[in-house]
Chemist: 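Before we start, here is the structure in question, set down as structure tokens.
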Amino acid sequence: MTARTDLRLLPGAAAAWCAGLVGTRAPVPAAAAGVLVVAAVLAAVLLAAVLTVPPARRAPRAGARDRAAPDPLARLRGAAPSAALVLAVAGAVLVSALVQRAAHDPPVVRAAVVAGDRVDVRARVLAEPQPLAGGAGMPPRVRVDVVVEQLTTGGRRVAVAVPAVVLAPAGAATGSVVTWSGTPRAAGPGERAALVLVAREAPEVVAAPRGLHAWAGEVRAAAARLGADLPGDAGALLPAVTVGDTTAVPADLRDAMRVAGLAHVMAVSGAHFTIVGGLLAAAAAAAGGPAPVRAGAVAAAGALLVLVVQPQPSVVRAAAMGALGLVGVLLGRRAAGPAALACAVVLLLVVDPWLAGEPGAALSVAATAGLVLLGPSLVRRWSGLCGRGVATALAAPVAAQLGCLPVVLALWPTLSTWAVAANVAVAPAVAPATVVGLGAVLLAPVWPAGAAAFAAAAGAACWWVGAVARVVAQAPGAGLAWAPGVTGALCALVAAAAGARLLLVGRRGAPPGAEGTVG
């Protein structure tokens, strides 16, 4: 797949992202009007493409095509497929958002929110409780994402299936079925939840997690226990690096990781799937397994990893790209990076348009876009100077930082000037921390002594990550203030584009390897 062909799907992914934001954040009448506008423009594009098809005529004489003037209608016909694809993708995401918003907001829920009376809910817990920062004199509370399966209001019990957020003194394990009583409130604009339930008491557990949910909970608990047995930053980062559990990371370390540009190490993302999947694929290949067996092993491991770390935005994006890669393996074709990313974005947003407003999803997609669009060219450009291995180690953090720079500065207007150096410094420790740490948590139930030894080795790698973050955060000019809001994001986008051009454009003004393939 050539670079030109590989990039054709990117406008569709951008259109899907914009449509996701409009479909989930705009008022319903405005989003519905957007669907009509997109449908009308799509129909006009297709009609124009049909009407401009020239009638059949004799083949031109030799040289006649060269002497003919450029045909504007031919250009229109050539652009029609790309325009139709962009419009179709945007329309699909808008329709999906409207349908899901209607399903998430049934009349009984809307009436309960308007009345504001106390309600009883029966719900299934989707994720581990997240502690909330309380004010002075305020009791500690947690946020729990649930799906409400039954709502009792005004003496009437109604079966529903709506996402909700519960604010309560305590939560329950993922996969639990619980009952809660509280006061319903309207969710904020663009929120996935249909309502926010404010409860003053802990839930009553009706059914504990079972099967794989119970196993995943034991794995997360094992990671927390192993981390608690290690000192300092090693113990705090071990659960974060292995299963994405950041509850033990202190505020000062969290700030240092962010200033140093290392916050992504604490989030399970594509690197985890690549490391785990690569090891399993190599093991299956060593055992003589054919491609379908290798793909099945990697798919099973990926599904279990999603279950353990929970479907956070970066995890969902990485899993979707991994699934597309597996399809390529089964078909005997390699999925090109930009095309796989664009397809993953479109599929995810059709299924879950609210991902367009998730900071984690935006950071994950932006960093991956930098890797797949800039990484190969940077490796080719620098390989002649320092060797392919060193070039790859340098290109990955540079490309990822340039890709996510606009998103990072839009969310946290502080420029991490030493982020690339910090990522290069911790790169040798990330894979051992991840693989050995996951080995430790899997061994914990059956071989505690071996798990402790593995955890100590992974903890040493985690300690190095924390030490680099703290040293870099204290370096001169580590965090420079940036313009906040839309202005800062646009300036960051221009700066990232300029930086990419300076790194890629050669002496004669052409990107090295531009005539080759991408990825």
Side-chain angles (χ1 to χ4, degrees), residues 133 231-238 240-241 244 246-269 271 314 359-360 362-364 366-371 374-375 378 382 386 390 393-431 433-434 459-500 502-503:
D233 293 346
L237 287 177
L238 180 66
V241 172
T246 60
T247 54
V249 180
D252 59 338
L253 178 57
R254 191 188 303 267
D255 292 340
M257 295 285 285
R258 181 174 295 171
V259 172
L262 297 175
H264 63 90
V265 177
M266 300 186 296
V268 176
S269 59
S314 60
L363 284 169
S364 179
T368 306
L371 287 171
L374 301 177
L378 290 178
W382 294 342
C386 54
V390 176
L394 291 174
V398 170
Q401 290 297 320
L402 283 175
C404 65
L405 184 65
V407 180
V408 169
L409 293 178
L411 297 172
W412 306 289
T414 302
L415 180 62
S416 302
T417 53
W418 298 100
V420 172
N423 277 273
V424 171
V426 304
V430 173
T434 303
C462 292
W463 170 85
W464 173 251
V465 173
V468 170
R470 292 187 182 278
V471 170
V472 170
Q474 297 298 322
L480 300 180
W482 193 266
V486 177
T487 301
L490 292 176
C491 292
L493 184 61
V494 173
L502 288 173
L503 290 172

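Here, residue 1 is the first one in the sequence, and each next residue gets the next number. In what follows, every heavy atom counts, from backbone to side chain, and hydrogens, waters and symmetry copies are set aside.
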Chemist: Any side-chain heavy atom of Val241 within less than 4.5 Å of one from Val465?
Modeler: no

Chemist: Starting at CG of Asp233, measure out to CG of Leu238 and round the result to the nearest 0.5 Å.
Modeler: 12.5 Å

Chemist: Which atoms form the tightest heavy-atom contact between Pro406 and Ala489, and what is the distance?
Modeler: CB-O, 4.1 Å

Chemist: So, taking the atom named CG in Leu378 and the one named CG in Leu402, what distance separates them when rounded to the nearest 0.5 Å?
Modeler: 7.5 Å

Chemist: Measure across Pro250 and Ala236 and return the closest heavy-atom pair with its distance rounded to 0.1 Å.
Modeler: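 Heavy atoms only, the tightest pair is CD-CB, 3.8 Å.
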
Chemist: Look up atom CG in Leu363 and atom OG1 in Thr368, then write down how far apart they are to the nearest 0.5 Å.
Modeler: 10.5 Å

Chemist: Can you name the closest pair of heavy atoms from Leu371 and Ala396 and give their distance?
Modeler: CD2-O, 3.3 Å

Chemist: Okay, side chain of Trp418, backbone of Val259: is any donor-acceptor separation there less than 3.5 Å?
Modeler: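 Flag not set: sc Trp418 to bb Val259 has no pair under 3.5 Å.
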
Chemist: Is Ser364 reaching over with its side chain to a backbone N or O of Gly360, donor-acceptor style, under 3.5 angstrom?
Modeler: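 No, because the side chain of Ser364 does not come within donor-acceptor range (under 3.5 Å) of the backbone of Gly360.
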
Chemist: What is the minimum heavy-atom distance between Met257 and Ala469, and which atoms define it?
Modeler: SD-CB, 3.4 Å

Chemist: Could you check if a side-chain atom of Leu237 sits within less than 4.5 angstrom of a side-chain atom of Leu253, using non-hydrogen atoms only?
Modeler: yes

Chemist: Nearest 0.5 angstrom please: Asp255 CG to Trp412 CH2, how far?
Modeler: 11.5 Å

Chemist: Closest approach of Ala433 and Ala461, non-hydrogen atoms and distance?
Modeler: CB-CB, 3.7 Å

Chemist: Would you compute the distance between atom OG of Ser416 and atom CZ of Arg258 and round it to the nearest 0.5 angstrom?
Modeler: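 Atom-to-atom, Ser416:OG and Arg258:CZ are 9.5 Å apart.
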
Chemist: Of the non-hydrogen atoms in Leu411 and Pro359, which two are nearest, and what is the gap between them?
Modeler: CD1-CB, 3.7 Å

Chemist: Is there a donor-acceptor pair under 3.5 Å between the side chain of Asn423 and the backbone N or O of Gly261?
Modeler: yes

Chemist: Around atom CH2 of Trp382, are there more than 12 heavy atoms of other residues, nucleotides or ligands at under 6.0 Å?
Modeler: yes

Chemist: So for atom CH2, which belongs to Trp464, do other residues, nucleotides or ligands contribute more than 12 heavy atoms lying within a distance under 6.0 Å?
Modeler: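 At most 12 heavy atoms, drawn from other residues, nucleotides or ligands, come within 6.0 Å of this atom.
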
